[in-house]
Structure formats: C-alpha cells, structure tokens
K.L.:
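Handing you this structure, nothing more for now.
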Amino acid sequence: MHRRIEDYAIIGDQQTAALVSRRGSIDWLCLPRFDSAACFAALLGTDENGHWTLAPKGAGNCTRRGYRPDTLILDTEWDTDDGSVRVTDLMPQRDRYPDVVRIVEGLSGRVTVRSRLRLRFDYGSVIPWMRRVDSHRVAVAGPDSAWLRSEPEVRSWGKNFGTYAEFSVTEGEKVAFVLTWHPSHEPRPELVDPFEALEGSIEDWRGWATHCAYRGPFHEQVLRSLMILKALTYAPTGGIVAAATSSLPEELGGVRNWDYRYCWLRDSTLTLDALLTAGHLDEARAWRDWLLRAVAGDPADLQIMYGLSGERRIPEFELPWLPGYENSAPVRTGNQAVEQLQLDVYGEVIDSLTLAARAGLGSQPHAWRMQNALLEFLESAWHQPDAGLWEVRGPRRHFVHSKIMSWVAADRAVKTMEASPELGGDVDRWRRMRDAIHREVLERGYDPDRNTFTQSYGSSDLDAALLLIPRTGFLPPTDPRVIGTIDAVSRELSHGGFLRRYSMSAEEVDGLPGGEGAFLVCSFWLADALFLAGRKQEARDLFARLVGLCNDVGLLAEEYDPSTGRQLGNFPQAFSHIGLVNTAFVLYGDAGTDGAEDGGDGESGPERAAKGGVGHRYDVEAEPGP
C-alpha cells in the first residue's frame, strides 16, 4: 500500500514526533528525541520495519480526520457497515519519558477494532524481546524498553513478532492505549492516565494558541503552521528541527534523501521573524538563546547546523536494510553537509541577533562580543567561494546569496553601532566591508544583458534565493534590477506554477544526479517579492495557491511535484511553514493583527517591514547603488 507523504499527520510532545497515516498507522517515531533511532520506521520501508496500526478490523483509509480546534490532538474516524468509531492520538507533555496515547471511542453501532503493534528498535533493524508484566506488554532490546497497556484491559496476544489486540466498542464506550518508552536499565515509569492526559493536552495547546497575533485571512492555516513550529521545537533547549523525518525523497526513486532532524542556522532569522510577528515571544527567546549557545566558539568553526542541544558532530551514515520511501535509496542518518563552508550563516546569525535585540527580547552581555568576533572572521572569509544556501555537493562557488548575507552581517553591525555607539566597535571598518561587498556583487553577480542577478559569479544560472535581495535591504524592492530578477526567476525556475530552488541544467552545480520538485518556501519568497514590488494581486493569488497545497490537516512537506500532485521531501517541513506564516503577515499585515499587536503605531505589516520594524526581517533602507 502506498504511503503518500501528504497522507500523514503529526503528533508530538516537543521533544519528538510521530507520523500517523490515514489508515490509523503510526509509521514513524523516534524515541526519546527527534534525532534518536526510530522504533517505527515503516515510512522508509515496510510494516516489518515497525508500525502501530489501530483501526477498525479490515478497514483501509479513514472516512475523515482532523485536529481538534487549536490543538495538535488528532481525531481519525471511520464509518463502517457496523457503525462508526474514532481514534484520538496525542503525545502529552512528558514529565520524564515519552508517552503515545491512543483512545478508541465508539460513535455508533458496534465496531470491532484491531491493534497491530510491531516495535522495531534502531530504525527497524532490532526485534525486541516481548514479555508480560502484570497487565503490560513489555518490549526490551539493548538500551530501549517500551511498555504497552490498555484501559480497560483488553485481550492481547503475540504473533509473528508483533503484539495484537482485538475488541469491540459501542456508542460512548472508550478504550485507551498507552505506549511508554524508557531506558531499559531503569524501573517502569509512573503510569499516565490517558483521559487526564487528553484533557491536559487540550488545555495546554488551546492556551498556547490564544497568544497568536494573526487575525487576517487564512487564519486557520497560519495558526496550524505556528503549531507545527511549536511541535518541531525541542523544548529542553529551544532548538527547532528542520523536519521530523529523515530521507523522504526530493525525487521519487532518487538519491536526494537527507536527514533533517537537526537545527539549521539558515532558518534562524526567518524563524525568529515568524515567532516574533505572531506574538510567541517565549519561543522566540528560547530560539535566540539556543542560537547563542550553539554558535559559541571559534568563528572559523561556525557550522551550518547543530544538534538539538547544540551538538557539533552529526556524522552521516547509510542504513542499507531500509529500502527507502518508495524505493528512494539510500536512507541516511546524520548529515555530511555539516562540514560545508556556507558564508551566508554568518549573516543569518548576526541578522537574528539584531532582530532579537530590536524586538526587546532582553540583552545577553556576550552577544555583541560574539557578533564582533564573527565579523572579524567574515572580513577575511567573504571573498572565498562556498557551498551556498542549498548545500550543493558540487564544487564551491562564489554564490551571490552568500555574498549578500555577508553584506547583511556588516550592514546590521553598522546600524547597531549607529543606534548604540556605547556598545563599542569599529563602525568605519564594518562600513567599508559592507560597501566593498555591495560593489562586488553589483559588478560580478549581476547580468546587465538579462537584467537579473545570477546564482554565482560568472554563471548564467538562476537561484530562487535571489528573491531575498529586497528582504535583506541590499536593494529596494522596486529597483529595476530587483524587478528584472523577479521576472527572470519566475520565468526560468517555474515548475508547474511554483519555483524550483535553482537551475537544474547542470549536474556539476550540486554534484548529484536527478532532479527535484518545486521548493515551497521559494514560492513564498516570490509572493513576498511581488508584493513589495507593488504587484499585490499576483502575490495574493500565488499565496492562495500555495496554501491550497496543504494536506487535509494543514501540513506541508519541503517540496511539491506539480506533475503528480504529490508532496515531496521531509515532512512536515519547518521552512515551508515559516514561509507561510511570514508571507501571511507581509500580504495581510494591515488586517493580520489586532490593535494590540500592530506595534502601537498604526502601521500595517508591510509598512513596518519596509522600515525594518520589530518582528520583520525586511530592511529596505539601502541606497539603490550605482
């Protein structure tokens, strides 16, 4: 049975997450953290690699499903010949160890329900030893242990290295299952009351949702996207993973399969922007603090990504026993791109810290000293070629976006010192650096014959990251060179009405065979650029089509294939949902917030954006240049 990426929903406890299919099967779950080995890995293989299906006996896909309003609690319902039944899935906030709670409720008639549990630790490779302890089924293998119980207790049995249960429910009857993981050398954790956990989780999520400042069109989709960012946050440290999964392909059957269960610096400013603008200051502050801890150290050793707690070692391995999603191999854990030089991250870090300071998140005494150290390194490094924003595995190049983000680093330092000279620093030095980068990009990164910026110096290829030029303030959004770039990117990178990341004409650009789908955040960037250039209806039409790509529960993967109508890449993807939130505020800022959230100045979101206002990355005061 095909498991389409868009057929999944997510539940989580802000330390890990599970993907639940339309047939009631949890096919992906890593315990105890996002980056731990999966105990359910059917998503990247078969049922034999681990899953937990809870559904009416003999049923296929559900009749309907959805999250309870303003929560991450999933209700999945089936209408059968014998009646109707609901399964409610959640992962409550943990005290110490993670729990998966699944509650079956009869809605009408009398429905027979079957549970099929196949635990397979270490990404589907280890079959645990199962035994009974009182009313529990206990699985143990090496360091891992999991306990399964039901309330009220239902009969269960073992078969084919799995655990089965079968029971019937009538209208109003409920049976709850709880699966709890803990280290195998420790005693059984405290029991969780599944029904109290449900009520507590509803209260927690709805209380959090009330802080959302957005009030404009597509409110439900914006709030759902913010909830996905919350679900992808590792609460103990504040780090936000790029996605909950590894190795979901950018091309079906292809090799572009990466592990996204880590925290990327490239996402930092856009993430902070979304959280601040939407009113989630606690999450924004936690992300800022994670960033400061992660990047501490020698500026020359700055990485493009880190682990959930700021870990630096993320070695990449292949898992040959997993065939991959729809035979898209290899399946990878870890990410070798951590070793790449990407100069844009220096700009992202400094831009993020500048935005956080502007938003009043509270000062960190060492933050300014750290920014100065990063700038001192970048002063000598910005001339170098690098791997670029998209982590291409071909030769290093002088990527224009990397140069522009180096300009951002110097520009933000200059503006910070101009506003707060008491901080101390060589403002003239950074001003000279800023101006030198600006001149070089205009001379070497712009093609006057085609009226467009290019992906790298001396190249004719284009890159959707060029759409970020007006966002950074490098040039005003109505500069003819920006308009020409918008038109060129829209024309040459179009894929079924959306955008690819960059030109796919030459394998040597990224060093990999095959292609990929439309990269969703790039199309959100296009909507932003169109809007700021004054083409507001085009921007809003594109945004509406992008929102329409969300699956039935409001989730987006990394990419979309217009030719098949399929979502592609890791899922749900933080970058895609960040794009949705930020673009909503740009396009509907005047209607998107209530009076308490408009900065107190009566300005619309785009107006504040054009001034580099709090909660928006846009800083378009730059001189147009020669």
K.L.:
May I ask you to say whether Asp351 pairs ionically with Arg412, meaning some side-chain N is under 4.0 Å from a carboxylate O?
P.N.:
yes

K.L.:
Identify whether the distance between the nearest side-chain nitrogen and carboxylate oxygen of Asp541 and Arg545 falls below 4.0 Å.
P.N.:
no

K.L.:
Using modelled atom types and a 3.5 Å cut-off, is there a donor and acceptor pairing between side-chain atoms of Ser576 and backbone atoms of Leu556?
P.N.:
no

K.L.:
Is a side-chain donor-acceptor pair under 3.5 Å present for Glu311 with Tyr262?
P.N.:
no

K.L.:
Check step by step if side-chain contact (heavy atoms from CB on, under 4.5 Å) holds for Phe575 and Trp264.
P.N.:
CA-CA 10 Å; Phe575 223 12; Trp264 264 258; over 6 Å; no

K.L.:
Do Arg500 and Glu559 sit within salt-bridge range, that is, some charged N less than 4.0 Å from a carboxylate O?
P.N.:
no

K.L.:
What are the two closest heavy atoms between Val581 and Ala274, and how far apart are they?
P.N.:
CG1-CB, 3.9 Å

K.L.:
Taking all non-hydrogen atoms of both residues, which atom of Ala533 and which atom of Ile486 are closest, and how far apart?
P.N.:
CB-CD1, 4.2 Å

K.L.:
Can you see whether Tyr234 has Arg33 sitting over its ring - NZ or CZ less than 6.0 Å from the centre and within 45° of the normal?
P.N.:
yes

K.L.:
Consider only side-chain N and O atoms of Thr237 and Ser309, and report whether a donor and an acceptor are under 3.5 Å apart.
P.N.:
no

K.L.:
Would Arg285 and Asp282 pass as an ion pair if we require N to O under 4.0 Å?
P.N.:
yes

K.L.:
Taking the six-membered ring for Trp, are Trp290 and Tyr306 parallel (under 30°), tilted (30 to 60°) or perpendicular (over 60°)?
P.N.:
perpendicular

K.L.:
Does this structure show an ion pair linking Glu316 with Arg332, if we count only N-O contacts that are shorter than 4.0 Å?
P.N.:
yes

K.L.:
Judged by modelled atom types alone, do Asp447 and Thr452 share a side-chain donor-acceptor pair under 3.5 Å?
P.N.:
no

K.L.:
Is there a side-chain contact between Leu291 and Val349 (heavy atoms, below 4.5 Å)?
P.N.:
yes

K.L.:
Evaluate side-chain contact (heavy atoms from CB on, under 4.5 Å) for Leu468 paired with Ile404, printing each intermediate quantity in order.
P.N.:
CA-CA 9 Å; Leu468 295 171; Ile404 290 173; over 6 Å; no

K.L.:
The criterion is side chain to side chain donor-acceptor pair (under 3.5 Å); which residues satisfy it with Ser402, sequence neighbours excluded?
P.N.:
Asp386

K.L.:
Determine whether Ser268 and Trp287 satisfy the following criterion, side-chain contact (heavy atoms from CB on, under 4.5 Å), listing intermediate values before the conclusion.
P.N.:
CA-CA 8 Å; Ser268 60; Trp287 173 242; 3.8 Å; yes

K.L.:
One thing to verify: whether Asp463 and Arg501 come together as a salt bridge, which I'm taking to mean a side-chain N less than 4.0 angstrom from a carboxylate O.
P.N.:
no

K.L.:
Identify the two heavy atoms, one from Glu391 and one from Ala337, that lie closest to each other, and give their separation to 0.1 Å.
P.N.:
OE1-CB, 3.6 Å

